[in-house]
Amino acid sequence: IDKGNVGGLRLAWSIALPPGPNAATPLVHDGVLYVHSFGDSVQAFDAATGDELWHYSHKLPGSSRPTVKRNLALYGNKLYFGTSDVHEVALDVKTGEVLWDAAIAGEGSGFGLSGGPLVAHGKILQGINGQAPGGAYIVGLDAETGKEVWRFYTIARPGEPHGESWNGLPLDKR
């Protein structure tokens with residue numbers, strides 16, 4: 001787009017997203033536009049025509065409420081995103097079929113997800129938000145299986161470096 005052609009730009013297609021605060025950045029790859037919208041809905045569209053290729057809606061348990069998400073991640077043939085009930089889900093990019101669904105925190109834990117996953121060296125990295133005894137953490141999940149490979153706590157545990165720097169405050173109060 002430049003000064004010479006900007007006047008010729010026209011709307012190619014549009015869609016209405018589900019009502020609510022839609023804050024996620026769409027992801028485009030190989031002519032497909034992926035959108036994660038409020039209410040844990042993920043859609044794939046033909047980027048040129050706007051035709052919907054597939055639609056996935058994550059079912060929340062009764063105790064969970066929808067929350068805002070910020071991004072999706074793509075690695076190989078999988079699309080990754082976090083859910084309002086603190087799960088990480090991998091969908092097949094061509095069909096929208098669930099390939100795996102991994103709980104990152106327990107229901108009612110006090111944690112949530114707003115920032116989306118990152119991918120590095122075959123691992124899906126997902127941080128949590130919120131407050132709960134023992135503090136927050138970041139998990140590394142195997143990109144193929146969703147199994148947790150590692151967990152890094154953002155507050156040092158007793159017996160770890162700096163884990164005794166809390167003036168005797170027990171872990172569940174940190």
Side-chain angles (χ1 to χ4, degrees), residues 17-27 29 34-43 55-93 96-174:
L17 296 175
N22 290 294
T25 302
L27 180 64
H29 181 71
Y34 301 97
V35 179
H36 188 188
S37 52
F38 191 70
D40 293 327
S41 176
V42 177
Q43 293 167 275
H55 187 150
Y56 170 79
S57 291
H58 184 73
K59 303 290 185 236
L60 293 174
S63 62
S64 294
R65 60 179 179 78
T67 58
V68 174
K69 307 300 176 309
R70 303 244 169 8
N71 64 291
L72 305 152
L74 183 72
Y75 182 71
N77 68 331
K78 295 175 185 63
L79 183 70
Y80 304 93
F81 65 97
T83 67
S84 298
D85 58 348
V86 201
H87 285 227
E88 192 73 27
V89 176
L91 302 178
D92 182 284
V93 296
E97 174 188 355
V98 175
L99 299 175
W100 53 258
D101 179 334
I104 296 176
E107 190 175 342
S109 65
F111 292 120
L113 301 176
S114 62
L118 299 173
V119 182
H121 301 289
K123 305 295 181 276
I124 308 305
L125 288 63
Q126 180 68 66
I128 60 172
N129 64 16
Q131 294 181 335
Y137 48 87
I138 302 166
V139 294
L141 307 173
D142 181 270
E144 289 300 314
T145 65
K147 295 202 182 315
E148 188 173 311
V149 178
W150 53 260
R151 181 176 292 213
F152 172 78
Y153 289 94
T154 58
I155 293 178
R157 316 322 255 172
E160 294 180 350
H162 309 290
E164 311 307 329
S165 64
W166 289 80
N167 293 327
L169 191 65
L171 181 61
D172 65 340
K173 302 291 184 200
R174 297 180 187 182

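Please read all numbers here as calculations on a predicted model, not as lab measurements.
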Contacts table for residues 127-134: side-chain donor-acceptor under 3.5 angstrom, sequence neighbours left out:
from: Asn129; atom 1: OD1; to: Gly112; atom 2: N; distance (Å): 3.2
from: Asn129; atom 1: ND2; to: Ser114; atom 2: OG; distance (Å): 3.1

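A search for ring-ring contact (aromatic ring centres under 6.0 Å, His included) contacts involving Phe81 returns His36, Tyr56, not counting sequence neighbours. For Lys78, the side-chain hydrogen bond (donor to acceptor under 3.5 Å, both in side chains) criterion is met by Glu144, not counting sequence neighbours. Remark: Arg151 pairs with Glu148 by the salt bridge (Lys or Arg N to Asp or Glu O under 4.0 Å) rule, at least two apart or across chains.
Each of Val149, Val119, Val139 was checked for a side-chain contact (heavy atoms from CB on, under 4.5 Å) with Ile124, and the lone residue meeting it is Val119.
Checked by atom type, the side-chain pair Lys59/Ser57 shows no donor-acceptor distance below 3.5 Å. With no hydrogens or angles considered, no side-chain donor-acceptor pair links Asp40 and Thr83 at under 3.5 Å.
Pairs passing the salt bridge (charged side-chain N to carboxylate O under 4.0 Å, His left out) check and including a residue from residues 163-174, sequence neighbours excluded, do not occur. Evaluation of the ring-ring contact (aromatic ring centres under 6.0 Å, His included) test over residues 140-172, restricted to residues two or more places apart or in two chains, returns Tyr137-Tyr153.
No donor-acceptor pair closer than 3.5 Å links the side chain of Thr67 to the backbone N or O of Ser84. A side-chain donor-acceptor contact under 3.5 Å links Thr154 to the backbone of Ala136. Between the Asn71 side chain and the Gly115 main chain, no donor and acceptor come within less than 3.5 Å of each other. Formation of a donor-acceptor pair under 3.5 Å by the Asn167 side chain with backbone atoms of Ser165 is not found in this model.
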Exercise. Please walk me through it: do Val35 and Val42 pass side-chain contact (heavy atoms from CB on, under 4.5 Å)?
Worked result: CA-CA 6 Å; Val35 179; Val42 177; over 6 Å; no
